[in-house]
Amino acid sequence: RKCLSAMASAICFYCGATQLVYKCKDCEYISSCEKHLKIHRPTGSCLPFTVISKEGVGRCAVAVRDILAGETVIEDDAAVIAPASGRLVCLECFSPVSENAKCEDCSLPLCCQGPRHKVECRQMARFIGERTPSLYLSVAVLRLLAVDSGTWELVDTLMDHLEERKGDAGEGDWEKVDRGVIKYLMNGDVGHTKATLERCAGIILTNCVSCSAEKGGPENGIGLFPVFSILSHSCVANTRRFIEDGHLVLRASVPLKAGEEIFTSYKNPELGSVMRRSHFPTTWFFDCTCERCSDPTELGTFLSALICPDCKECMLPSHPLEYNSPWVCAGCSLTISSTEAMTRTVKMYKMLVTCPQTCQSMEQLLVQLLEVAHPQHYIAMQAKISLAMMYGDSDQDTLADMERKISLCEDVIRVMGKVDPGYSRRRGQFLEEMARTKMKIMKSQEMPKLKLMLEMKNVMKLMREVGKCKQLESREERECFAKRVENMVAG
């Protein structure tokens with residue numbers, strides 16, 4: 001309450017309430033009702049965002065002041081954490097388990113005790129018949145139904161896209177949810193209406209993000225973070241998130257201006273548009289028209305560009321926002337269908353995933369890929385990422401190997417920095433790889449003292465930049481990075 005000054009003629013930054021609304025006297029940027037003050041000020045600092053409504057978008061978050069890169073923008077606690085693995089996992093810790101690892105009370109997969117599983121255990125112990133193949137979504141729905149009223153109030157503002165899911169846009173997937181989750185839970189007499197169960201399932205399918213059950217564990221679960229879920233998507237996001245023990249922290253990856261919308265990315269930005277865009281209308285029921293999607297070159301990265309078999313010039317979609325757009329050669333105007341472009345892309349992907357993980361094999365694959373795709377095609381870039389991580393990890397690496405690694409790292413940072421700008425995870429990872437390799441080269445060669453000092457200065461400059469990227473990651477990763485710096489300098 002210390003954060004609130006006298007009542008002002010304003011509206012709550014989060015819910016739009018006009019009664020019992022107070023201006024924050026610490027930052028003076030927002031007004032809030034007492035209920036949502038903890039969203040604005042969850043710890044000792046005011047968070048620099050407010051919620052507005054935009055036509056065609058709905059509720060979204062914008063910066064209330066200029067925000068520095070690396071600054072915390074949103075903090076949020078999970079309403080629900082549930083498993084989402086393709087394997088059989090423990091419902092408490094999400095670790096892989098055998099079919100014999102079962103809860104004594106409900107016979108669901110379990111290897112350890114904890115608070116999460118207690119929610120569904122009480123209700124699913126009454127179930128009879130075979131377990132649903134949609135077990136994990138059923139568990140997530142039951143866990144969402146068990147949240148307290150304050151959390152549900154936040155969750156209930158989120159979109160579920162039920163109308164689209166049940167219609168043609170859902171491509172029949174809702175029938176599986178209806179049969180494997182809704183009817184399954186109704187038969188178990190869980191005490192809620194069909195409409196409520198459908199609403200919960202829709203919210204989970206629309207808004208959850210990947211997360212782990214435990215600190216440092218694999219991200220084979222999903223988490224529903226109601227405040228974070230307000231953010232809209234952009235294929236060039238301006239934020240990064242990390243999640244620890246069910247707590248999400250969102251930080252700015254680039255500087256933001258007051259009034260600028262705060263974006264996250266629903267899909268991996270390193271995917272080319274040809275593969276990335278197709279998920280939006282079937283999963284989140286919108287067509288992305290951002291600057292990147294509207295540009296056939298994807299902001300000059302050419303991440304989806306193919307090579308013309310006739311003249312070897314670049315082939316790009318003539319109408320990038322149309323899923324069935326023909327692809328046209330910039331040199332000879334040869335045209336292929338979108339289906340053919342997708343077929344070629346899938347073939348390249350299969351070549352990548354089946355390639356032996358050796359430098360020689362991956363270099364040979366890269367040569368093959370560049371015969372049919374642009375050197376910066378996203379699959380070629382994934383091959384370069386794999387190569388960069390393989391080079392420099394052996395005592396037998398030659399100077400040429402280490403220089404090749406540095407060149408690959410620079411290429412990845414340059415290209416991916418256009419679609420994943422600022423303090424990105426990939427930038428931090430590859431700058432660190434470059435610094436480590438430069439140190440290895442320095443130790444393997446005799447060089448004048450002055451040159452050695454200059455090289456060491458450059459390495460430390462790289463590591464300082466890595467440190468800025470790591471500020472957007474978990475405490476555990478920041479601590480591991482600090483130890484790696486110590487070892488690198490000491491070694």
Side-chain angles (χ1 to χ4, degrees), residues 39 42 61 72-97 109-112 114-120 134-148 151-152 154-155 158-160 200-233 237 239-251 253 262-270 279 283-284 420 424-426 428-429 470-480:
I39 296 175
T72 298
V73 180
I74 288 175
E75 293 190 40
D76 197 10
D77 290 317
V80 167
I81 292 180
S85 173
R87 305 168 59 187
L88 190 66
V89 298
C90 169
L91 296 183
E92 185 63 37
C93 69
F94 307 170
S95 297
V97 296
L110 197 72
C111 70
C112 61
R116 293 193 185 102
H117 176 57
K118 291 180 180 179
V119 175
E120 65 271 4
S134 304
L135 172 63
Y136 297 149
L137 180 55
S138 301
V139 167
V141 168
L142 290 176
R143 291 181 182 182
L144 181 54
L145 289 168
V147 300
D148 60 68
T151 301
W152 176 254
L154 296 176
V155 170
L158 302 179
M159 300 179 74
D160 56 28
C200 288
I203 288 173
I204 290 166
L205 292 170
T206 302
N207 298 281
C208 279
V209 297
S210 60
C211 69
S212 60
E214 297 179 331
K215 185 177 180 180
E219 289 195 352
N220 58 352
I222 53 171
L224 176 62
F225 297 87
V227 178
F228 167 78
S229 295
I230 291 174
L231 266 62
S232 296
H233 162 83
T239 62
R240 277 180 60 193
R241 67 177 181 268
F242 66 85
I243 301 170
E244 281 186 312
D245 295 329
H247 184 71
L248 181 147
V249 177
L250 184 83
R251 290 185 174 148
S253 54
I262 301 163
F263 290 108
T264 187
S265 185
Y266 294 173
K267 290 293 293 181
N268 184 350
E270 294 183 353
H279 291 272
T283 304
W284 296 284
D420 193 10
S424 69
R425 182 172 286 103
R426 187 68 76 189
Q429 177 191 23
K470 294 298 180 182
Q471 290 303 309
L472 280 69
E473 298 189 28
S474 67
R475 181 185 299 274
E476 182 180 25
E477 174 55 27
R478 296 197 299 270
E479 291 173 352
C480 290

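Positions are given from 1, in the same order as the sequence printed here.
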Stepwise side-chain contact (heavy atoms from CB on, under 4.5 Å) check, K267 with W284: CA-CA 11 Å; K267 290 293 293 181; W284 296 284; 4.0 Å; yes
With no hydrogens and no angle check, is any side-chain donor or acceptor of [X] less than 3.5 Å from a backbone partner on [Y]?
{"X": "N220", "Y": "F94", "result": "yes"}
{"X": "R116", "Y": "E92", "result": "yes"}
{"X": "Y266", "Y": "H279", "result": "no"}
{"X": "R143", "Y": "I81", "result": "yes"}
{"X": "W152", "Y": "L145", "result": "no"}

Evaluate the side-chain proximity of L250 to I262: yes if any heavy-atom separation is below 4.5 Å, no if none is. yes
For residues V80 and I204, determine if any side-chain heavy atom of one lies less than 4.5 Å from a side-chain heavy atom of the other. no
Nearest heavy atoms of I222 and A84, plus distance in Å: CG2-CB, 3.5 Å
For the side chain to side chain contact (heavy atoms under 4.5 Å, CB included) test, which of C112, P109, P83 pairs with C90? C112
R475/E244 salt bridge by N-O under 4.0 Å criterion: no
So how far is it from I243 CD1 to F225 CZ, rounded to the nearest 0.5 Å? 4.0 Å
